[in-house]
Amino acid sequence: MRQFEILKKTREYLLNDIKDLTAEQLNEIPAGFNNNIIWNFAHMLATQQGICYARANIKMVIDQDFFDLYKPGTKPGKFVDGAEIDRIKKLFITMIDQLEIDYKNNVFTNFTSFTNRYGFEHRNVDDSINFVLYHEGLHFGVITSYKKLVKQ
């Protein structure tokens with residue numbers, strides 16, 4: 001499935017693009033906005049887990065506390081330190097690898113369909129994976145814009 005390759009390449013690009021940013025820059029909320037770069041990274045992880053794993057009634061790779069901090073509708077609540085930043089960066093790639101393994105092993109058979117707030121119907125995990133591509137494209141743009149603002 002080509003979507004996994006696209007997701008992984010996009011995430012690798014984003015990780016490389018922020019490698020020179022400090023923890024302070026990753027946590028900085030640009031004026032006029034309500035989140036930051038590291039929140040966007042973690043939010044992409046939480047969203048992917050929620051719409052692929054939780055909707056298939058499968059235990060998420062991330063713990064519930066992580067999900068609750070970064071799920072849709074949240075905002076940054078604390079400074080994310082270096083150790084947690086490293087964890088998020090590692091998960092950013094390994095979770096796509098795990099998603100692909102689980103997809104190939106056909107573990108998403110008990111999927112609960114839903115329609116998201118954008119009106120996109122998720123009938124199965126394939127729909128959710130396709131939506132992840134769209135969702136991450138949105139956050140790719142946000143991260144790219146925020147990087148310009150925090151480097152000034």
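Below, each value reflects all heavy atoms present in this structure, side chains not excepted, and no hydrogens, waters or symmetry copies.
Partners of D102 by side chain to side chain donor-acceptor pair (under 3.5 Å), not counting sequence neighbours, listed by chain and number: Y53, Q98. For R11, the side chain to side chain donor-acceptor pair (under 3.5 Å) test picks out E136, with sequence neighbours left out. Contacts of D68 classified as salt bridge (charged side-chain N to carboxylate O under 4.0 Å, His left out), with partners at least two apart in sequence or in another chain: K71. For N124, there are no side chain to side chain donor-acceptor pair (under 3.5 Å) partners at least two apart in sequence or on another chain. Residues passing the ring pair (Phe, Tyr, Trp, His ring centres under 6.0 Å) test with F67, sequence neighbours excluded: none. Shown here are the side chain to side chain donor-acceptor pair (under 3.5 Å) partners of N34, two or more places apart in sequence or in another chain: there are none. Residues satisfying the ring pair (Phe, Tyr, Trp, His ring centres under 6.0 Å) criterion with F111, sequence neighbours excluded, are absent altogether. Every ring pair (Phe, Tyr, Trp, His ring centres under 6.0 Å) that F120 has, sequence neighbours left out, goes to H122, F131. Judged as a side-chain contact (heavy atoms from CB on, under 4.5 Å), and not counting sequence neighbours, S145 has no contacts.
Residue I37 comes nearest to V150 through the heavy atom pair CD1-CG2, 4.1 Å, listed as atom of the first residue, atom of the second, then distance. Here the closest non-hydrogen pair linking D20 and K151 is OD2-NZ, 2.8 Å. Closest heavy-atom contact between P30 and N35: CD-O, 3.6 Å. Here the shortest heavy-atom pairing between I88 and L45 reads O-CD1, 3.9 Å.
Applying the ring pair (Phe, Tyr, Trp, His ring centres under 6.0 Å) test to residues at least two apart or on different chains, the pairs with a partner in residues 1-25 are F4-Y103, Y13-F140. The list of side-chain hydrogen bond (donor to acceptor under 3.5 Å, both in side chains) pairs with a residue in residues 76-87, not counting sequence neighbours, reads E84-R87. Pairs engaging residues 15-37 under the ring pair (Phe, Tyr, Trp, His ring centres under 6.0 Å) rule: F33-Y146 [sequence neighbours left out].
Judged by distance alone, the side chain of N110 and the main-chain N or O of N57 form no donor-acceptor pair under 3.5 Å. Of the possible donor and acceptor atoms, none in the side chain of N16 sits under 3.5 Å from a partner among the backbone N and O of E12. Put simply, the side chain of Q25 never gets that close to the backbone of K147: no donor and acceptor are under 3.5 Å apart. Judged by distance alone, the side chain of N116 and the main-chain N or O of Y118 form a donor-acceptor pair under 3.5 Å. For T74 (side chain) and L69 (main-chain N/O), a donor-acceptor pair under 3.5 Å exists by modelled atom type.
Y70 OH to I62 CD1: the interatomic distance, rounded to the nearest 0.5 Å, is 10.0 Å. Taking CG from L138 and CD1 from I143, the interatomic distance works out to 11.0 Å, rounded to the nearest 0.5 Å. Note that CZ of R123 and CZ of F114 are 12.0 Å apart. Values are rounded to the nearest 0.5 Å.
Residues I101 and I6 do not share a hydrophobic cluster, clusters being chains of Ile/Leu/Val/Met/Phe/Trp/Tyr side chains in contact below 4.5 Å. Transitive grouping of hydrophobic side chains (ILVMFWY, heavy atoms separated by less than 4.5 Å) keeps F79 and I85 in distinct clusters.
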Step by step, work out the side-chain contact (heavy atoms from CB on, under 4.5 Å) result for K8 and D97.
CA-CA 8 Å; K8 194 167 185 178; D97 293 337; 2.8 Å; yes
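With salt bridges taken as basic N to acidic carboxylate O contacts below 4.0 Å, one links E100 and K104.
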